[in-house]
Amino acid sequence: MKKIEITLDTYDALASLNDSDQGLVRAAIQRLGSGHAPYSNFHVSAACRTEDGQIWIGTNQENASFPVGICAERVALSVANMQAPGQSVLEMAIVYRDPSHRHHEPLAPCGMCRQALSEQSQRQNSPVRLLLANEKGATWVCADANALLPLSFSLKDL
Ligand code: THU
C-alpha cells in the first residue's frame, strides 16, 4: 500500500506570518487586479522570491481564445527565470480575488501550474515553498510545492 499525505501550516491573519513571508504575500496582493482577466473576472497574482532576494510578480493573462490564457504562477516563474537566470526560486505567494466572494480560504494552484512548479524544483534541485493566501490574510504554507503533485511525471521518466 502507498499512502500519501500533505501537511500545510495554516494561519488566520497575515500578522501571524514572519516579516519575510508577509512581505511576499503583500507584494502579490499589491498587484492583484493588474492582470488581464476580462473573461473570468477572477484575478490571481503570484510573487516569487529568488535566492538573491529579489521578488518577481506574475498575474493571470487571459485571451479571447481561452486556452491561450496563462496563469499567474507560470507568468511569475517565467519572469523570474528570465530576469534572474540561474537563481533558484525559493518561494512563491499566490493570492486571488474572487468576484463571487464564495471562497473564504486560500486556493491552491491548478494542475498545470503544479507541474510547472515541479519542473522548477527539479531544475534547481531544491523545493519551492508556497504561501497560499487570500486578501484577508488567511494563509496556508506548503514547504514544498511537490507535495501538491504526488507521483508527478518529470524528466526522470523520459
Ligand atoms: N488561474 C491562475 O492564474 N492560477 C491558478 O492556479 C488557477 C487559475 C487563473 C486562470 C484564469 O485566468 C482564471 O484564474 C480563472 O481560471
What distance do [X] atom [atom1] and [Y] atom [atom2] have between them, rounded to the nearest 0.5 Å?
| X | Y | atom1 | atom2 | result |
| --- | --- | --- | --- | --- |
| Asn41 | Ser100 | CG | OG | 10.5 Å |
| Glu135 | His43 | CD | NE2 | 10.5 Å |
| His36 | Ile70 | NE2 | CD1 | 13.5 Å |
| Leu8 | Thr139 | CG | OG1 | 11.5 Å |
| Ile94 | Leu32 | CD1 | CG | 12.5 Å |

For a quick test of reading the model, state the closest non-hydrogen atom pair linking [X] to [Y] and the distance between them.
| X | Y | value |
| --- | --- | --- |
| Gln124 | Ser88 | OE1-CA, 3.3 Å |
| Thr50 | Ala80 | CG2-CB, 4.1 Å |
| Arg31 | Ser45 | CB-OG, 3.9 Å |
| Cys110 | Cys71 | SG-SG, 3.8 Å |
| Ile6 | Leu148 | CD1-CD2, 3.7 Å |
| Arg49 | Ile55 | NH2-CD1, 4.0 Å |

Connected via hydrophobic side-chain network under 4.5 Å: [X] and [Y]:
| X | Y | answer |
| --- | --- | --- |
| Leu131 | Val95 | yes |
| Val141 | Leu14 | yes |
| Leu77 | Leu107 | yes |
| Met92 | Tyr96 | yes |
| Val128 | Ile57 | no |

For Asn18, I'd like to know if atom CG has over 12 heavy atoms of other residues, nucleotides or ligands within 6.0 Å.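 More than 12 heavy atoms, drawn from other residues, nucleotides or ligands, come within 6.0 Å of this atom.
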If you count heavy atoms of other groups shown closer than 6.0 angstrom to CG of Asp12, is the number above 12?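 Not more than 12 within 6.0 Å, no.
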Judged by atom type as modelled, is there a donor-acceptor pair below 3.5 Å linking the side chain of [X] to the main-chain atoms of [Y]?
| X | Y | result |
| --- | --- | --- |
| Glu73 | Cys113 | no |
| Glu62 | Gly69 | no |
| Asn60 | Val44 | yes |
| Ser118 | Arg114 | no |
| Asp98 | His103 | yes |

Below 4.5 Å, heavy atoms only, C-beta onward: do [X] and [Y] meet side chain to side chain?
| X | Y | result |
| --- | --- | --- |
| Pro109 | Leu130 | yes |
| Val25 | Tyr11 | no |
| Leu117 | Leu149 | no |
| Gln120 | Asn81 | yes |
| Phe153 | Leu158 | yes |
| Glu91 | Asp21 | yes |

Would you check if there is a donor-acceptor pair between the side chains of Ser65 and Asn63 at a distance under 3.5 Å?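 There is no such pair (donor and acceptor under 3.5 Å, judged by atom type) between the side chains of Asn63 and Ser65.
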Could you check whether Thr7 and Glu5, counting side-chain N and O atoms only, form a donor-acceptor pair closer than 3.5 Å?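 No.
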Flag the pair Asp9 and Arg129 as a salt bridge only when some basic side-chain nitrogen lies within less than 4.0 angstrom of an acidic carboxylate oxygen.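 Here Asp9 does not pair with Arg129 in a salt bridge, since their nearest N and O are not under 4.0 Å apart.
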